[in-house]
> 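Starting off with a structure, shown below.
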Amino acid sequence: MSEDVLDELFDVIEDRKENLPEGSYTTSLFTHEKGENEVLEKLGEETTELILAAKDDDFDEIAYESADIVYHLLVLLAMKDMDLEDLRAELAERR
Ligand SMILES: N=c1c2ncn([C@@H]3O[C@H](COP(=O)(O)OP(=O)(O)OP(=O)(O)O)[C@@H](O)[C@H]3O)c2ncn1[C@@H]1O[C@H](COP(=O)(O)O)[C@@H](O)[C@H]1O
């Protein structure tokens, strides 16, 4: 996955957070009555699905669930007023 895809996706998520366009799933997460708990539940569910896919060596499903997890992780970072640079800085420190 290229860095640009993540940057572009995060920019779209930030736009949804600011403008809250109707009909957007991302908007629904920012306006959900359960707030960030909805995102945390999704991350839990998708991680379980990823584990099952990995156990089955279902490579398409592994990629699909991984993308779901990354998307919801980026939404969580945006909810916490964090961004990709926080993630990159943490990863870079581990090199
Ligand atoms: N990358 C994503 C993305 N990944 C996952 N999802 C949504 O996350 C939800 C996941 O919920 P569920 O796990 O219940 O659903 P599921 O994946 O359909 O089903 P299972 O995994 O349970 O089988 C689905 O509604 C997906 O559509 C996403 N919704 C939006 N984006 C991107 O976010 C941007 C903004 O999109 P809008 O939210 O439509 O404005 C766009 O660039 C989109 O590509």
Side-chain angles (χ1 to χ4, degrees):
M1 185 188 300
S2 79
E3 193 175 284
D4 289 342
V5 173
L6 286 180
D7 285 325
E8 280 175 26
L9 177 56
F10 194 76
D11 286 347
V12 172
I13 289 169
E14 290 276 40
D15 174 77
R16 300 296 188 265
K17 177 184 172 183
E18 194 176 324
N19 298 308
L20 302 176
E22 283 183 28
S24 158
Y25 172 73
T26 311
T27 294
S28 78
L29 292 176
F30 283 108
T31 58
H32 197 283
E33 62 181 12
K34 286 199 292 181
E36 76 180 44
N37 280 347
E38 174 68 9
V39 176
L40 297 175
E41 279 177 24
K42 286 286 181 202
L43 282 168
E45 287 169 16
E46 286 149 6
T47 299
T48 301
E49 287 165 4
L50 175 63
I51 290 167
L52 295 174
K55 289 288 184 188
D56 288 344
D57 283 338
D58 185 340
F59 304 116
D60 288 342
E61 193 65 13
I62 290 170
Y64 185 92
E65 297 303 341
S66 297
D68 269 358
I69 289 169
V70 168
Y71 162 76
H72 284 93
L73 174 62
L74 297 190
V75 172
L76 181 66
L77 289 177
M79 281 182 168
K80 297 291 188 187
D81 295 326
M82 296 172 68
D83 59 28
L84 276 174
E85 287 315 307
D86 294 300
L87 181 56
R88 290 198 175 100
E90 180 61 34
L91 290 170
E93 266 188 32
R94 299 179 184 190
R95 283 188 292 205

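Bear in mind that the values here come from a model prediction, so they are computed numbers and not experimental data. In each ligand, atom 1 is the first atom listed, and ligand 1 is the first ligand listed.
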> Would you compute the distance between atom CG of Leu40 and atom CE of Met79 and round it to the nearest 0.5 angstrom?
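Output value for this atom pair is 8.5 Å.
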> Step through the shown structure and confirm whether more than 12 heavy atoms of other residues, nucleotides or ligands are within 6.0 Å of NZ on Lys55.
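Count not over threshold, so no.
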> Charged N to carboxylate O below 4.0 Å: is that the case for Lys17 and Asp81?
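A salt bridge links Lys17 with Asp81.
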> Over all heavy atoms of both residues, which pair between Ile69 and Leu50 is shortest? Give the atoms and the distance, please.
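Shortest heavy-atom separation between Ile69 and Leu50 comes out as CD1-CD2, 3.7 Å.
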> For Asp83 and Leu77, which heavy atoms make the closest approach, and how far apart are they?
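Shortest heavy-atom contact: O-CD1, 4.1 Å.
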> Students should find this: residues with any non-hydrogen atom under 4.0 Å from ligand 1. What is the answer?
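Under the 4.0 Å cut-off, ligand 1 touches Leu9, Val12, Arg16, Ser24, Tyr25, Thr26, Lys42, Glu46, Glu49, Tyr64, Glu65, Asp68, Tyr71, His72.
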> Check Pro21 against Thr27 and note the closest heavy-atom contact, atom names and distance.
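Looking at all heavy atoms of both residues, the shortest contact is O-OG1, 2.8 Å.
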